[in-house]
Every structure is written in C-alpha cells, then in structure tokens.
Amino acid sequence: QAHTMAFDERNGNIVMFGGYDDFVRYGDTWICSASAAATWESFGHNCGGSGVAPAPILGLGSGQRPWLGDTVTFRVPAVPPGHPVMLVLGGSRSSWQGLSLPFPLGHLGMDGCDLLVGPELALAMPATQMTASYALVIPTRPELIGTAFYAQAAMHDPQSNPAGIALTNGLELRLGGR
C-alpha cells in the first residue's frame, strides 16, 4: 500500500518506491526493465534548406522505440509539396565503401552537408500533410537484440544548394527486446 510508481521514459523502466503493510514501512526501490533496452538518438547535423523549405530534421514517431516486433515510423516534418524525401538505412556510421563517415559532400555542390550513414537501403518517404514518413516493422528475431542500425534522409530542394539536395541529421537505433 501507499507505494509510488513511475515510468522512466529515458531508460524505458518502471520504478517503484516504498509502501507499507500493517507492520512495516518500506524504503526500497524496485526497477522493472526490459531484457535489453530499445534506444535511439540523433547524431550529426542537417544541412541545406531554403526560403521554401527549412533544413529537414529526421526523427521517430512520438514515444516510439525500436523494440523487436514493433513498428517505428521515421518522420521528416515541414516538407513542402513537390519536395520528395528518401530515407537511407545502413549498418554503419563510421565507414562505407572505403570512405570514412561522416563524409563531406561539398565537392558535389552540397557545402556544409555530410553523408552520415553508409547507404545500404534507400526507401521513398511519402508525404502527407507536409510530413514525410516511413513505417518500418522491426523483425521479431531475438538474435537482433542489441544490434544498431542507422538512418539519414535526403530531401529534394532545388533552392538549397547547387546539388538541390538537403540532408537530415542521422539517427542511431539500437534494437531492444522485452
């Protein structure tokens, strides 16, 4: 009775403190956690953007984490009509095809832009109501727990730079199991 319980959103844990019964007041803390936490974090920076479209930002749907068996939705908000967005997924943020990442793209007319993710899979992100999104189902395969993968998106924006491409920040996702 009279215990306090809360959800620790940052770590994905349920925390309970205290309580009492007829004879004893308890001052201990209990933590209930997943077998392996599902996490994601942003890294690097976005680039490009123009008077028509701001520099794009990649994130996940509200409150989502990459748990085995769940769906995560990659989102790029504030996408003007006629500015298609491509999501790139990869297994590394340190190297790709012999290149060290992040790799500067100034020589391609994208000053201030970096390739942050080794592009192994490219997926179109349809836009509705000015938000581009892509829903990805995380497989239910226990051997994937703890595996990291990486994402970055590119948006066509002819006014952003000579290449006409604006890039998002990167995301690192680590698969968790419950």
Side-chain angles (χ1 to χ4, degrees), residues 5-16 31-50 52-94 96 101-102 110 113-157 160 164-178:
M5 188 179 302
F7 180 67
D8 172 7
E9 187 172 340
R10 177 171 170 73
N11 297 306
N13 297 326
I14 297 172
V15 181
M16 184 175 82
I31 299 174
C32 178
S33 62
S35 62
T39 62
W40 69 274
E41 66 180 340
S42 178
F43 67 93
H45 65 274
N46 58 351
C47 70
S50 64
V52 176
I57 298 170
L58 180 63
L60 292 186
S62 179
Q64 292 185 338
R65 292 174 181 260
W67 295 105
L68 295 186
D70 282 4
T71 299
V72 293
T73 303
F74 294 92
R75 297 172 41 103
V76 177
V79 176
H83 287 67
V85 179
M86 184 72 62
L87 176 67
V88 174
L89 301 176
S92 179
R93 66 180 266 189
S94 61
W96 177 70
L101 299 175
M110 299 170 67
C113 294
D114 294 324
L115 179 64
L116 301 172
V117 172
E120 295 173 20
L121 178 63
L123 304 161
M125 295 180 76
T128 56
Q129 299 179 344
M130 294 188 65
T131 298
S133 62
Y134 186 86
L136 180 70
V137 177
I138 307 295
T140 307
R141 297 188 49 192
E143 65 271 20
L144 295 176
I145 290 176
T147 301
F149 72 100
Y150 307 91
Q152 185 176 21
M155 179 177 73
H156 176 68
D157 183 1
S160 66
I165 300 171
L167 296 178
T168 68
N169 53 294
L171 294 183
E172 177 178 330
L173 296 92
R174 192 159 302 273
L175 303 180
R178 298 182 233 203

ask   = So, does Gln152 use its side chain to make a donor-acceptor pair with the main chain of Asp114 at under 3.5 Å?
value =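 Here the side-chain-to-backbone pair exists.
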inquiry  = Using only atom types and a distance under 3.5 Å, with no angle test, would you say the side chain of Thr168 pairs donor to acceptor with the backbone of Ala153?
reply    = yes
message = Is any side-chain heavy atom of Leu173 closer than 4.5 Å to one of Leu60?
response = yes
inquiry  = I want to check something: taking the side chain as every heavy atom from C-beta on, are Leu144 and Phe149 in contact at a cut-off of under 4.5 Å?
reply    = no
Nearest heavy-atom pair of [X] and [Y]: which atoms, and what distance?
| X | Y | answer |
| --- | --- | --- |
| Phe43 | Val117 | CZ-CG2, 4.1 Å |
| Leu136 | Leu89 | CD2-CD1, 4.2 Å |
| Pro126 | Ala124 | CD-O, 3.3 Å |
| Cys47 | Ala166 | O-CB, 3.4 Å |
| Asn169 | Leu116 | C-CD1, 3.8 Å |
| Ala151 | Leu87 | CB-CD1, 4.1 Å |

Give, for atom [atom1] of [X] and atom [atom2] of [Y], the distance between the pair rounded to the nearest 0.5 Å.
| X | Y | atom1 | atom2 | result |
| --- | --- | --- | --- | --- |
| Leu101 | Trp96 | CG | CH2 | 8.5 Å |
| Leu68 | Thr147 | CG | OG1 | 8.5 Å |
| Trp40 | Leu175 | CH2 | CG | 14.5 Å |
| Phe74 | Leu171 | CZ | CG | 6.5 Å |
| Arg174 | Glu41 | CZ | CD | 9.0 Å |
| Met155 | Ile165 | CE | CD1 | 11.0 Å |

message = A quick test of your reading: do over 12 heavy atoms of other residues, nucleotides or ligands sit less than 6.0 Å from CD of Glu143?
response = yes
message = Suppose the criterion is side-chain hydrogen bond (donor to acceptor under 3.5 Å, both in side chains): which pairs have a residue in residues 69-84, not counting sequence neighbours?
response =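 Found Asp70-Arg178.
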